[in-house]
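The structure appears below as structure tokens.
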Amino acid sequence: MTMQEPPFRDPSAPLPDRIDDLVRRLTLGEKVGLLHQYQAPVERLGVGAFRTGTEALHGLAWLGPATVFPQAIGLASTWDLDLVRRVGAATSDEVLAFHHKDPAGAGLNVWAPVVNPLRDPRWGRNEEGYSEDPWLTGVMGAAYALGLRGSAPEILKTAPTLKHFLAYNNESDRCATSSNMPPRVLREYELPAFRPAIEQGAAVAVMPSYNLVNGRPAHLSPLIGQVLRAWAPDDLLVVSDAYAPGNLTGLQAYHDTLPEAYAHAVKAGLDSFTQDDDRSEATLGHLREALATGLLAEEDVDAAVRHVLSIRFRLGEFDPATPYDDITDNVVNCPEHQALAREAARRSFVLLKNDGLLPLRDAPKVAVIGQLGDTLMEDWYSGTLPYAVTARAGLAERCETVFCEAVDRVTLTADAGPVAADPFGGPLTIGGAAEAGEFDLFDWGGGAYALRAVATGRFVSVDGGTLVNDQPGPNGWEVRQTFRTEERPRGTLALRHISSGCYVGAGEDGVLRLVDDADQAVWLAMDVVRSGTEQAARLAATADVAVVVVGDHPLVNGRETEDRMTLALASAQDAVVAAVRKANPRTVMVITSGYPLTWTDDEVPAVLWSAHGGQEYGHALAEVLFGDADPEGRLTQTWYRSEQELPDLLDYDIIASDATYLYFRGTPLHPFGHGLSYTTFEYADLRVRLSDDVLHAEVTVTNTGDRPGVEVVQFYTHQQRSRVKQPLRRLRGFEKVRLAPGESRTVTLAVPVPELAFWDVTRSRFVVESAPHQLMVGRSATDLRLSTRFEVAGETIPPQSGLLRAADHDEYDAITFVDETKVDGDAVRSDAEGAWILFRQVDLTGATTCVATAGAAEGGMITIRRGDPLYGQALAAFPVPRTDRYAYHVITASLAAVDGVHDLYAVFENDGVTLAQLDFGAGA
């Protein structure tokens, strides 16, 4: 007689019932054991161990050789949602293959995609995201997540996790900085990037970010429950970022004890603690203490456990079989995935500039030049390359090639003799054989250099404080192979190790070691024995065409934990481009980077960009250079002329700072959406109509050139009259069309009118105003070929009155957004004497008093002025007594007799004053 299976193992039962059944069978201790990244097994019920967190950003990462696709920013530059979905599907195949081989080592909860809008290109993790546009980010993230989750309606192939919620675009002090997030920026820019993947059920989990938002740690955000879970059609799992829970009492010092902090995290919506790697006992102990002391209730744990188990049920863990059980090792780096990697890389190339040199013709001999000309880079979240088709290798299959890296070869000499490399990769010493004393100097920009010993072909690194030469290149979480130079007297220099901040000194035995004191640094003379620039120019002159491959190293001068300070191409690489172009006017600059770059030679005839393109990069590059394929890529970020055009890295208010293509008023180096073709296109007959609350548009696009081509037709709108500052243009849709010479096609757009809404701070909801709009269509955000006007019948925002939340102001100066309480709500705090917030169109009819809810660490004064923060009539004044941070005084002041509608300024006469709300009302 067969024992009957418990209901939770019945795949025909409704999912909520199965979850309920299993939760009822678990003890409280067993349930707590499910709240860590490494979930404990429950052997008595046959429930196995489970682990969250397999990295799969652009292919399976960290677990060994697997297909490596272009970086996420490169995938997005294809503007091809189906392609992005197929890459996600291939990645999930390989995750399954690894999981079936090693279930504990390769979990099915994958931590991808990253949907933080790329607000600032200096962000160290720029290559992980998709676009500076939130809508484009959202649809790209949804496409990749759809591929990851699989096509079976009930069973997940993998469980995609969106990273990183919320307002996370800086690595500098990332665990301690707070992102200032006005309501409109939050609702119109940050949140929309997360919505499509969650709402479509493509992503089933979310990871909060390290930073704080408006003074509250993102891991405690009330928006997890209020917004994210409201969007999700099913249970949404929320997993912490690595070691972030400990920051709540550590770097953030937001709570006093870990039991208190962890209890608040669970109540805010956190379900899984990624803390202490696989050592879960400390975390579980803090949760048990929170339960024992009443900080946490069993119902809170049950809610989190339901979210955890929902994912496991939907992955088919408790079913007899799943549609994906037959996936084996054969899919890993299979021919189909190699072909997909090549297609993705080819379609991601963006032609930034071309004077007719491309596609290449009459180029039997090509000089391939540059630090990136014969190497492929792995970034922190890429897989291990199973093979590497470099630019040099890809072009060598098509024509004769000659090559040089174009780096300077140097010697380093101290007073006691030259620096020499150990022939077996050991320590560097002062003195030794001359042939062991030469190094190739790699310039990765931002003052970061790497040295490769000529004698060994290995890079100089630091091991236990000693300089050795045993590495294939910059690598690892802590990159130990990069140095900065600092000038010293008589033309000498000192080397400073970047990751440690220490200097290179020399012991009595002559071995180079790190020292803390700059005065102990050894002074070195650096002499160039072979100029990389001169070598490149000589080589270029011998070829029909020169292809200079320049760019960044994904682990140097900008990556997770490190923002970049400049957008400039490394100076040595920049000099090589100029020298090569002068030696051979038929020069193509190929930029390989995870972020926008600038360069100095404006006369380079052709410039091609891609992100780091994965294993098939070289084949894809050759196909585009020789015209086998039209360059299809388009930029998903603005390429600025200099970092000087950007606001402060920590200024998240894109509206006030005129940031991103939405608000930027300057002339960029290359605009959002830019990308050239090898043919030309004409736009005609733009037509627009409103029907059933939907904006419909169509335009005819014709290939007017003599070869097939690909065009990305982009639609933008602009609201021409509004109560608030509106974007200069906003992407509303696009279509990628392939046209033969002379072929025309009608491209259509359909946008529901509610999507034209913006966030009305006066009523805390989205609103569509009655206003004229402009519809524009073209090749980029600034190359707009046609436009037409249309009218939207919406509503008129009425004057506001009564209770005004301080965070819901219209404009501000010298203000920081802060948390009103540790659980919910936003307030504002003055950063300087004379700081202010503005409320437009406040109806004071009948109002005789104003009540302020405010506090101040040292006391202060708030004055309400009409019309101007300096000279406007003072209508009321509030002395704010000293109080603790989260304690507020309710202060009533008489209001000057002013009826009608006015713009009101709340002026802070002191810094450090916090205001939660103002209430204008009639007297008793």
Side-chain angles (χ1 to χ4, degrees), residues 182-184 187 214 222 226 723-724 759-767 795-813 815-821 823-830 834-856 859-910 912-924:
R184 282 193 63 203
R187 300 286 177 167
N214 292 352
Q226 295 169 4
R723 178 188 181 278
V724 302
W759 186 259
D760 174 20
V761 295
T762 72
R763 292 173 291 176
S764 295
R765 66 174 174 85
F766 278 100
V767 61
E795 56 183 301
T796 299
I797 298 174
Q800 50 191 325
S801 61
L803 181 64
L804 306 180
R805 298 287 305 173
D808 290 330
H809 54 260
D810 288 288
E811 292 181 29
Y812 63 95
D813 181 61
I815 286 295
T816 295
F817 287 78
V818 297
D819 48 336
E820 183 177 356
T821 73
V823 175
D824 200 2
D826 294 332
V828 300
R829 186 184 64 221
S830 58
W836 52 261
I837 55 176
L838 165 64
F839 297 96
R840 294 194 186 280
Q841 297 179 304
V842 180
D843 188 351
L844 296 178
T845 302
T848 59
T849 63
C850 183
V851 180
T853 303
M861 177 72 72
I862 299 174
T863 304
I864 307 300
R865 293 186 178 274
R866 179 179 64 160
D868 186 272
L870 286 176
Y871 307 110
Q873 177 189 2
L875 303 183
F878 303 91
V880 182
R882 177 183 297 185
T883 186
D884 293 336
R885 168 65 183 86
Y886 294 103
Y888 296 90
H889 290 279
V890 178
I891 314 148
T892 301
S894 296
L895 194 65
V898 178
D899 277 348
V901 176
H902 304 275
D903 291 347
L904 299 184
Y905 290 84
V907 182
F908 299 80
E909 311 296 349
N910 315 81
V913 177
T914 301
L915 177 64
Q917 63 185 34
L918 295 169
D919 194 353
F920 294 89

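- Sorted by first and then second residue, the ring-ring contact (aromatic ring centres under 6.0 Å, His included) pairs with a member in residues 883-908 read Trp836-Tyr905; sequence neighbours excluded.
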With a 3.5 Å cut-off and sequence neighbours excluded, list the donor-acceptor pairs that the side chains of residues 860-881 form with protein atoms.
from, atom 1, to, atom 2, distance (Å)
Thr863, OG1, Glu909, OE2, 2.9
Arg865, NH1, Gly872, O, 2.8
Arg866, NE, Gln873, OE1, 3.4
Arg866, NH2, Gln873, OE1, 2.8
Asp868, OD1, Leu870, N, 2.8
Asp868, OD1, Tyr871, N, 2.8

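- Ala852 and Leu918 make their closest contact through CB-CD2, 3.7 Å (heavy atoms, listed as atom of the first residue, atom of the second, distance).
- Panel note: side chain Thr816, backbone Arg829; no donor-acceptor pair is recorded below 3.5 Å.
- Heavy-atom minimum distance, Val913 versus Gly859: CG2-O, 4.4 Å.
- To the nearest 0.5 Å, the span separating CG on Leu838 from CG on Leu904 amounts to 8.0 Å.
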Could you tabulate the donor-acceptor pairs under 3.5 Å formed by side-chain atoms of residues 798-806, not counting sequence neighbours?
from, atom 1, to, atom 2, distance (Å)
Gln800, NE2, Arg840, O, 2.8
Arg805, NH1, Gln917, OE1, 2.9
Arg805, NH2, Glu820, OE1, 2.2
Arg805, NH2, Asp826, O, 3.4

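- When all heavy atoms of Asp824 and Pro222 are compared, the pair lying nearest together is OD1-CG, 3.3 Å.
- A distance of 9.0 Å separates CG in Asp903 from CD in Glu811, rounded to the nearest 0.5 Å.
- With sequence neighbours left out, Val724 forms a side chain to side chain contact (heavy atoms under 4.5 Å, CB included) with Arg184, Ser722, Gln726, Phe758.
- For Asp884, the CG atom sits in a loose shell: 12 or fewer heavy atoms of surrounding residues, nucleotides or ligands are nearer than 6.0 Å.
- Counting heavy atoms from C-beta outward, Leu895 and Phe920 have side chains that approach closer than 4.5 Å.
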Exercise for the section: Show the numbers, then the answer: is there a side chain to side chain contact (heavy atoms under 4.5 Å, CB included) between Asn214 and Asp819? Expected result: CA-CA 6 Å; Asn214 292 352; Asp819 48 336; over 6 Å; no
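- The main-chain N or O of Ser894 is never found under 3.5 Å from a side-chain atom of Thr849 such that the two would form a donor-acceptor pair.
- When all heavy atoms are compared, the tightest approach of Ala835 to Ser830 is CB-CB, 3.9 Å.
- With sequence neighbours left out, the side-chain hydrogen bond (donor to acceptor under 3.5 Å, both in side chains) criterion links Asp843 to Thr845.
- Partners of Asp760 under the side-chain hydrogen bond (donor to acceptor under 3.5 Å, both in side chains) rule, at least two apart in sequence or in another chain, are Thr762, Arg763.
- Looking at every heavy atom in both residues, Thr914 comes nearest to Ala827 through CG2-CB, 4.0 Å.
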